[in-house]
Amino acid sequence: MGTVIEAANKDTNGSVLNKNPTVVFVLGGPGSGKGTQCANVVEHFGFTHLSAGDLLRAEIKSGSENGTMIQNMIKEGKIVPSEVTIRLLQQAIKDNGNDKFLIDGFPRNEENRAAFERVTGIEPAFVLYFDCPEEEMERRLLSRNQGREDDNIETIRKRFKVFLDSSLPVINYYDAKGKVRKVDAARPVEEVFESVKAIFGPKNEKAD
Ligand SMILES: Nc1ncnc2c1ncn2[C@@H]1O[C@H](COP(=O)(O)OP(=O)(O)OP(=O)(O)O)[C@@H](O)[C@H]1O
Ligand SMILES: O=c1ccn([C@@H]2O[C@H](COP(=O)(O)O)[C@@H](O)[C@H]2O)c(=O)[nH]1
Ligand SMILES: [Mg+2]
């Protein structure tokens with residue numbers, strides 16, 4: 001397992017973003033604890049957290065012309081078209097002064113992955129993968145109480161299926177490239193974060 005964060009971005013796209021940020025993709029099943037651990041990484045390592053799901057939910061609230069389509073996709077646990085999500089991610093990266101980002105919950109399928117790479121020229125430094133059994137994820141989602149329209153048993157089952165069918169192949173793709181850092185996420189939050197810290201490495205901790 002590597003502990004050094006490398007900026008591995010290609011610079012062959014005429015720099016669409018005008019910056020060459022370090023990106024870590026944070027992947028794992030619904031309720032595996034991605035958002036929870038990202039908050040800890042932000043605190044300790046100074047990354048900016050971009051949750052693709054949060055960006056899509058904000059787009060619904062903003063009254064955007066895509067709002068109804070996004071809302072319907074989320075209710076069904078389906079994957080929103082790449083161009084919508086990538087535009088939101090690109091904008092968020094561009095608007096932010098930081099040069100290191102956790103992209104949480106994206107790419108969700110092979111098409112997302114290839115389109116992001118093509119459009120932004122960014123390759124992730126590594127992929128942080130939270131591995132958690134479905135029963136535990138289901139328990140967590142049903143008691144999350146954040147008023148999410150997709151935290152009901154019917155949608156949760158659909159989200160699990162989409163994760164297995166479409167998102168795991170993305171993790172396998174990066175695994176074959178030696179880029180996956182897998183963490184056992186079925187442990188208490190603090191224990192999971194100990195493993196996460198070991199991956200990011202003491203060298204990258206923020207000074208107090
Ligand atoms: N290690 C853990 N042990 C127990 N509960 C946890 C753990 N990590 C997170 N939780 C709780 O589980 C719920 C889901 O966590 P979180 O929102 O971080 O997951 P997520 O992977 O971002 O989910 P989603 O994909 O649905 O956005 C939250 O209520 C959170 O407080
Ligand atoms: O890249 C993405 C990320 C998310 N979605 C949709 O949003 C929901 C919720 O995502 P969370 O990561 O759990 O917050 C997800 O089920 C998808 O419907 C997406 O389409 N593309
Ligand atoms: Mg989340």
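Atoms within a ligand are numbered from 1 in the order they appear, just like the ligands themselves. Not measured: the values here are computed from a predicted model. If you read the sequence from its start, that first residue is 1, and numbering goes on from there.
To the nearest 0.5 Å, atom NZ of residue Lys61 and atom CG of residue Leu56 are 12.5 Å apart.
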Exercise answer, ligand 2 polar atom pairs (N/O) under 3.5 angstrom:
residue  : atom   : partner : partner atom : Å
ligand 2 : 1 (O)  : Gly105  : O            : 3.4
ligand 2 : 10 (O) : Arg108  : NH2          : 3.4
ligand 2 : 12 (O) : Arg108  : NH1          : 2.9
ligand 2 : 12 (O) : Arg108  : NH2          : 3.4
ligand 2 : 13 (O) : Arg148  : NH2          : 2.9
ligand 2 : 14 (O) : Arg57   : NH1          : 3.2
ligand 2 : 14 (O) : Arg57   : NH2          : 2.9
ligand 2 : 14 (O) : Arg148  : NH1          : 3.3
ligand 2 : 14 (O) : Arg148  : NH2          : 3.4
ligand 2 : 18 (O) : Lys78   : O            : 2.6
ligand 2 : 20 (O) : Val80   : N            : 2.7

So what's ligand 1 close to, N/O to N/O, under 3.5 Å?
residue  : atom   : partner : partner atom : Å
ligand 1 : 1 (N)  : Arg140  : NH2          : 3.4
ligand 1 : 1 (N)  : Arg187  : O            : 2.7
ligand 1 : 1 (N)  : Val189  : N            : 3.4
ligand 1 : 3 (N)  : Arg140  : NH2          : 3.3
ligand 1 : 17 (O) : Arg144  : NH1          : 2.8
ligand 1 : 18 (O) : Gly35   : N            : 3.4
ligand 1 : 18 (O) : Thr36   : N            : 2.9
ligand 1 : 18 (O) : Thr36   : OG1          : 2.5
ligand 1 : 19 (O) : Gly33   : N            : 3.3
ligand 1 : 21 (O) : Ser32   : N            : 3.3
ligand 1 : 21 (O) : Gly33   : N            : 3.0
ligand 1 : 21 (O) : Lys34   : N            : 2.9
ligand 1 : 21 (O) : Lys34   : NZ           : 2.9
ligand 1 : 22 (O) : Gly35   : N            : 3.0
ligand 1 : 23 (O) : Gly31   : N            : 3.0
ligand 1 : 23 (O) : Arg144  : NH1          : 3.2
ligand 1 : 25 (O) : Lys34   : NZ           : 2.7
ligand 1 : 26 (O) : Arg144  : NH1          : 3.3
ligand 1 : 26 (O) : Arg144  : NH2          : 2.9
ligand 1 : 26 (O) : Arg159  : NH2          : 2.8
ligand 1 : 27 (O) : Arg148  : NH1          : 3.1

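Of the listed residues (Glu134, Glu135, Glu136), just one forms a side chain to side chain contact (heavy atoms under 4.5 Å, CB included) with Cys132, and that residue is Glu136.
Both Phe106 and Leu88 belong to a common hydrophobic cluster when Ile, Leu, Val, Met, Phe, Trp and Tyr are linked at side-chain heavy-atom distances under 4.5 angstrom. Hydrophobic clustering (side-chain heavy atoms under 4.5 Å, transitive across Ile, Leu, Val, Met, Phe, Trp, Tyr) keeps Val170 apart from Met137.
In this structure, Glu83 does not pair ionically with Arg87, as no charged nitrogen and carboxylate oxygen lie closer than 4.0 Å.
Tyr173 carries Arg113 over the face of its six-membered ring, with the cationic atom under 6.0 Å from the centre and within 45° of the normal.
Here the two rings, on Phe193 and Phe200, have centers that are 6.0 Å apart or farther. The six-membered or imidazole ring of Phe116 lies near that of Phe25, with a centre-to-centre distance under 6.0 Å.
Using a 4.5 Å heavy-atom cutoff, the side chains of Ile153 and Leu142 are in contact.
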